[in-house]
Amino acid sequence: MSIERYNPRDAEPRWQQKWNEEEVFVTDNADPREKYYVLEMFPYPSGRIHMGHVRNYAMGDVVARYKRARGYNVLHPMGWDAFGMPAENAARDNKVHPKEWTYQNIASMRTQLKAMGLSLDWSREFATCDVDYYHRQQMLFIDMMEKGLVYRKKSKVNWDPVDNTVLANEQVIDGRGWRSGALVEQRELTQWFFKITEFSQDLLDALDTLDHWPEKVRLMQKNWIGRSEGLTIRWEIVPDTAPNNDREITVYTTRPDTLFGASFLAISADHPLAKEAAAKDAAIEAFCEECRRAGTSLAALETAEKKGMDTGIRVRHPFDPSWELPVYIANFVLMDYGTGAIFGCPSGDQRDLDFARKYGLPVVPVVMPADGDAASFTVGDIAYDGGGVMINSRFLDGMSTDQAFETVATKLAETSIGNAPQAERKVNFRLRDWGISRQRYWGCPIPVIHCDDCGVLPVPKQDLPVRLPDDVTFDQPGNPLDRHATWRHVACPQCGKDARRETDTMDTFVDSSWYFARFTAPWENQPTDKNAANHWLPVDQYIGGIEHAILHLLYSRFFTRAMRETGHLDVKEPFKGLFTQGMVVHETYSRGNGLTREWVSPADINIEEVDGQRRATLLSSGEDITIGAIEKMSKSKKNVVDPDDIIASYGADTARFFVLSDSPPDRDVIWSEAGVEGAHRFTQRMWRLVSEAADALKTIESKPAKEGDALAISQIAHRTLKAVQGDYDKLAFNKAVARIYEFVNALAGPLSRVATGGADAGYRAAVREAVEILIALVAPITPHLAEECSAALGNTNMIATSAWPVYDEALVIENEIVYPVQINGKKRAELTIARDADQNAVQQAVLALDAVKSALNGQAPKKIIVVPQRIVNIVV
RNA sequence: GCGGACGUGGCGAAACUGGUAGACGCAAGGGACUUAAAAUCCCUCGACCUUUGGUUGUACGGGUUCGACCCCCGUCGUCCGCACCA
């Protein structure tokens with residue numbers, strides 16, 4: 001009998017077609033079984049899938065298939081994050097309409113994903129650029145507007161001069177646009193904002209409930225929200241020192257305890273008082289301008305010198321009217337945090353100290369470490385910003401910093417200037433409202449109308465959707481919607497006069513902030529079917545890259561709250577479980593160096609090992625190639641491997657198996673040709689072993705062995721089943737793979753024995769049972785191979801619809817335990833003894849061992865530690 | 001600067017709650033089969049030594065413990081996030 005090699009090119013499309021025909025992965029909302037929603041972050045339709053997608057979707061698919069087998073009603077949908085700038089860039093560069101470009105890309109990527117054999121419910125597929133989707137997003141926007149969660153304000157914005165658009169703070173990285181890399185400028189524009197700060201406290205508090213999220217992500221969000229507790233303190237201005245006779249300045253501080261160390265106030269260049277002062281003094285105006293300009297090149301901030309200018313304004317100390325302090329404009333004070341004004345305590349803050357030294361202001365230490373000496377404690381070049389004991393602080397002296405904080409807060413709250421308390425406790429957040437206006441075409445139009453008489457009005461819901469016009473041009477910079485001949489002209493919904501449409505579109509992060517909810521009922525006319533959303537949400541397992549730890553995940557958490565307030569769903573958090581997977585990385589190859597360095601694709605080179613050294617040569621010419629660092633796969637470094645090529649030559653199962661092997665899923669995995677071949681060898685080996693024994697097993701009913709030489713087979717099968725099940729529950733795919741290898745190695749002998757006819761019926765029944773378990777275990781990872789093996793055994797049901805096997809505890813438990821026997825903590829012997837042997841029996845048996853006897857040399861042991869089922873340690 | 005994570009063979013890694021360090025895979029070396037090759041199968045594989053055994057070994061230096069990759073203190077290194085946030 002000759003066994004054919006396993007041919008994925010034949011088997012994989014065949015099974016994919018069968019799953020598709022029988023609608024195995026189409027999910028019914030009304031299915032009564034317990035729900036499980038597994039979701040991978042949906043892709044941007046760039047045109048081709050990459051290995052990162054393969055890894056991400058392979059992980060999600062293992063979870064989906066495993067949970068389905070475990071009896072859950074699984075929702076596993078797929079869609080496209082389809083709005084965004086690359087489509088417009090393509091339009092500009094290649095004269096192709098963004099819509100056409102996007103939908104073509106979606107079509108080819110869909111084909112690629114389907115070739116992976118993912119168990120997705122394609123009937124729920126949508127793209128965020130579908131009118132059906134952004135129509136509902138516009139409805140959400142209007143509902144949020146009604147609830148006061150959307151507003152418009154003139155504000156300084158981050159302007160990307162290359163992409164000609166506004167960026168959110170989160171999209172500015174090191175002072176550069178996250179996409180274009182251009183230096184960001186500051187401009188004043190009227191923008192639309194989502195009131196994410198409405199939920200600052202809740203977004204922070206609820207992080208504690210997300211116990212299936214990585215600690216790292218929760219911490220990053222916590223820092224991003226940045227809660228601080230402090231005091232706003234009003235400082236009385238000395239009469240006739242302020243330009244327009246202003247009466248007071250309010251500062252925010254988290255360290256009111258250090259109030260007696262204050263030596264100046266500093267305000268932002270954008271502070272109203274600074275502006276007033278600038279209007280009357282050219283030097284001040286010039287300085288403010290300089291501060292604003294410096295603010296544009298944020299990259300230089302790291303080394304930026306602390307600079308200030310005395311405004312001439314003087315304020316009185318809250319606890320001592322005779323103590324006057326100068327007010328400076330300082331380049332390091334931000335207008336949009338706190339009140340845009342601070343008091344400087346040089347001894348307790350490094351920045352203030354640098355500033356004070358530069359401008360010759362007093363430095364009075366007011367806090368020293370608890371074990372310090374008040375007489376000798378001084379502050380030199382390094383400020384002391386820790387807690388401790390108050391000194392040089394009048395009535396606060398001797399208190400702890402905490403006590404001093406409380407005392408100052410209480411005293412100033414009881415003091416009044418004007419008709420209000422001098423100070424109030426105040427919680428501040430770093431989180432800012434989310435600016436969503438983008439001066440771009442390829443995004444969801446903001447559904448509002450500007451009327452000269454009636455103001456800014458939402459588009460009435462019956463007039464939705466506001467569709468993007470198709471006839472636009474991209475031959476000049478700026479927003480094509482602005483220069484469209486007719487699109488923006490519309491009648492005012494209130495008075496009927498000529499009015500203008502808003503031409504800004506929404507940040508594409510809006511699109512991805514609620515797509516997980518839309519998947520629960522994508523056919524619905526409203527944004528959600530509330531019952532469906534409440535049933536399916538939260539997503540039980542969300543899987544994606546760590547790069548979305550803040551933006552996408554925080555926005556989605558905000559949207560979930562906003563959608564609850566607007567009655568579209570009733571859940572608290574969108575994602576119950578979150579898993580952030582590592583990247584797929586690859587060696588880099590290059591020829592030449594310096595400016596002439598050229599990157600070479602792995603497909604164009606050959607690698608061989610000479611004297612233990614790996615050498616790379618160019619396939620075409622034999623030229624030597626430099627092997628470089630292992631880096632994230634990127635087009636620019638050409639270290640990419642095309643999933644299509646891998647699937648064509650090895651099959652989807654091999655690709656899936658490989659990206660899940662070896663490395664823990666949250667760490668990077670190194671793509672290597674040798675590694676892929678190892679994975680491929682596994683699929684071939686499994687097929688060969690199963691198909692060789694298939695004839696002998698076809699007519700056998702599977703049954704675990706309880707005794708005899710087949711017992712060991714059933715034991716390893718059930719133990720592996722239990723272990724792999726645990727690994728899948730924990731998403732420890734690499735460990736599952738290792739155990740599957742072990743299992744196959746253990747089954748190789750028995751399968752050959754069966755194949756050559758050397759086994760009785762009981763043995764064959766046990767082997768068949770073990771093989772059925774093996775097939776179930778590999779099925780989530782290599783689903784096509786599993787189906788093929790199962791069919792070879794004569795099974796007519798599909799693995800994709802089969803239940804997960806149940807392990808037998810009696811076969812999992814060891815009846816005999818092998819105890820390592822240590823003497824003084826070092827292993828010297830082993831003891832095999834019945835599982836239920838009591839402590840005494842174990843001790844007696846251990847003392848009877850030759851190795852123990854010779855170590856004791858006739859003496860009594862000092863101590864014997866027996867850890868049941870684990871280890872024995874004898875102290876001599 | 002602030003916050004966090006990590007550091008184990010030639011490589012990717014495993015080791016459950018403090019209990020045999022290196023499972024499993026890759027690479028390498030040796031052997032079997034073959035006219036030959038591929039494929040497959042078997043063996044070896046942290047280091048050192050006087051090799052049926054012993055010593056040593058989880059970045060480095062200490063500590064706690066019968067017992068430490070794991071807990072504590074300190075040092076070094078790598079990576080990631082945030083960054084004038086008062």
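Everything numeric here is computed off the predicted structure, so don't read it as measured data. Naming: A, B, ... by sequence-line order, numbering from 1 per chain.
The listed nucleotides are G81(B), A14(B), U20(B); the one nearest the side chain of Lys827(A) is U20(B). Of all nucleotides listed (G81(B), C84(B), C66(B)), G81(B) comes nearest to the side chain of Met220(A). Minimum atom distance to the side chain of Lys863(A) is reached by C66(B), of the listed A86(B), C66(B), A14(B). The nucleotide whose nearest atom lies closest to any side-chain atom of Asn745(A) is, among G12(B), C85(B), C24(B), C24(B). Closest to the side chain of Asn734(A), from the set U55(B), A86(B), A13(B), is A13(B). Listed nucleotides U40(B), C80(B), G19(B) differ in distance to Lys216(A); the shortest reach to its side chain belongs to C80(B). Here the side chain of Tyr337(A) is nearest to one of C85(B), C24(B), A14(B), namely C85(B). Counting only heavy atoms from C-beta on, Arg351(A) has its side chain closest to C85(B) among C85(B), G54(B), C26(B). When each of G3(B), C82(B), C26(B) is scored by its nearest atom to the side-chain atoms of Ala674(A), the top-ranked nucleotide is C26(B).
For Arg739(A) and A14(B), the CZ to P distance is 11 Å, given to the nearest whole Å. With rounding to whole Å, Asp666(A) atom CG is found 14 Å from C79(B) atom C1'. Nucleotide G25(B) holds its P atom 10 Å from the CZ atom of Phe657(A), rounded to whole Å. One interatomic measurement links the two molecules: CG of Asp668(A) to C1' of C6(B), which rounds to 13 Å at whole-angstrom precision. Atom CD1 in Ile670(A) sits roughly 13 Å away from atom C1' in A27(B) (whole-Å rounding). We find that CD1 of Ile817(A) is positioned 14 Å from P of U20(B), with the value rounded to whole Å. We find that CG of Asp385(A) is positioned 8 Å from P of C2(B), with the value rounded to whole Å. Rounded to whole Å, the distance from CD1 on Ile546(A) to P on C6(B) is 13 Å.
One P atom belongs to C45(B), the other to G22(B), and the distance between them is 12 Å to the nearest Å. A distance of about 34 Å separates the C1' atoms of C76(B) and A86(B), rounded to the whole Å. Distance noted for atom P between C43(B) and C66(B): 42 Å (whole Å). Comparing U8(B) with C70(B), their C1' atoms sit 12 Å apart, to the nearest whole Å. Between U55(B) and U50(B), the two P atoms lie 15 Å apart (nearest whole Å). Comparing G30(B) with U78(B), their P atoms are spaced 39 Å from each other, to the whole Å. Taking the P atom of each, A21(B) and A59(B) are spaced 16 Å apart, rounded to whole Å. A gap of 22 Å separates the C1' atoms of G25(B) and U20(B), to the nearest Å.
An OP1 or OP2 oxygen of C26(B) is reached within less than 4.0 angstrom by a side-chain nitrogen or oxygen of Arg681(A). For the pair Asn223(A) and G81(B), the criterion of a side-chain N or O lying under 4.0 Å from OP1 or OP2 is not met. At A39(B), none of the side-chain N or O atoms of Arg688(A) fall inside 4.0 Å of OP1 or OP2 (strictly under the cut-off). Taking 4.0 angstrom as the limit, Ser228(A) places a side-chain polar atom (N or O) nearer than this to OP1 or OP2 of A86(B).
Nucleic acid contact for Glu742(A): sugar-phosphate only, since backbone atoms but no base atoms lie under 4.0 Å from a heavy atom of the residue.
Take Phe260(A) and apply the ring-ring contact (aromatic ring centres under 6.0 Å, His included) test, not counting sequence neighbours, and it matches His317(A), Phe319(A), Phe395(A).
Checked against a 6.0 Å centroid threshold, the rings of Tyr741(A) and Phe657(A) count as neighbours. Between Phe579(A) and Trp213(A), the ring center distance fails the sub-6.0 Å criterion.
Just one of Asp668(A), Asp666(A), Asp662(A) meets the side-chain contact (heavy atoms from CB on, under 4.5 Å) condition when paired with Pro664(A); it is Asp666(A).
Salt bridge annotation for Glu215(A)-Arg218(A): present, with a cationic side-chain nitrogen under 4.0 angstrom from a carboxylate oxygen.
Under the 6.0 Å distance and 45° angle rule, Arg5(A) does not count as a cation-pi partner of Trp687(A).
Heavy-atom nearest nucleotides on RNA chain B were determined for Phe332(A) and for Val737(A), and the one closer to the 5' end corresponds to Val737(A). Judged by closest nucleotide on RNA chain B, Tyr741(A) is the one of Tyr741(A) and Arg685(A) placed further toward the 5' end.
Between the side chain of Arg667(A) and the base of C6(B) there is no donor-acceptor pair of N/O atoms closer than 3.5 Å. For Lys735(A) and C24(B), a side-chain-to-base donor-acceptor distance below 3.5 Å is absent, hydrogens and geometry of angles not being considered.
No donor-acceptor distance shorter than 3.5 angstrom exists from the side chain of Asp385(A) to the backbone of Asp349(A), with no hydrogens or angles considered.
Applying the 90° cutoff around 0 to the glycosidic angle, G62(B) is assigned anti.
Checked by atom type, the side-chain pair Tyr337(A)/Ser228(A) shows a donor-acceptor distance below 3.5 Å. Side chains of Tyr650(A) and Thr683(A): no donor on one and acceptor on the other come within 3.5 Å.
Using a 30° and 60° split on the angle between ring planes, Phe343(A) and Trp235(A) fall in the tilted class, from 30° to 60°.
RNA chain B forms stems at B:1-7 with B:76-82, B:10-12 with B:24-26, B:28-32 with B:40-44, B:46-49 with B:53-56, B:59-63 with B:71-75, each a run of 3 or more consecutive Watson-Crick or G-U wobble pairs whose two key distances fall under 3.5 Å.
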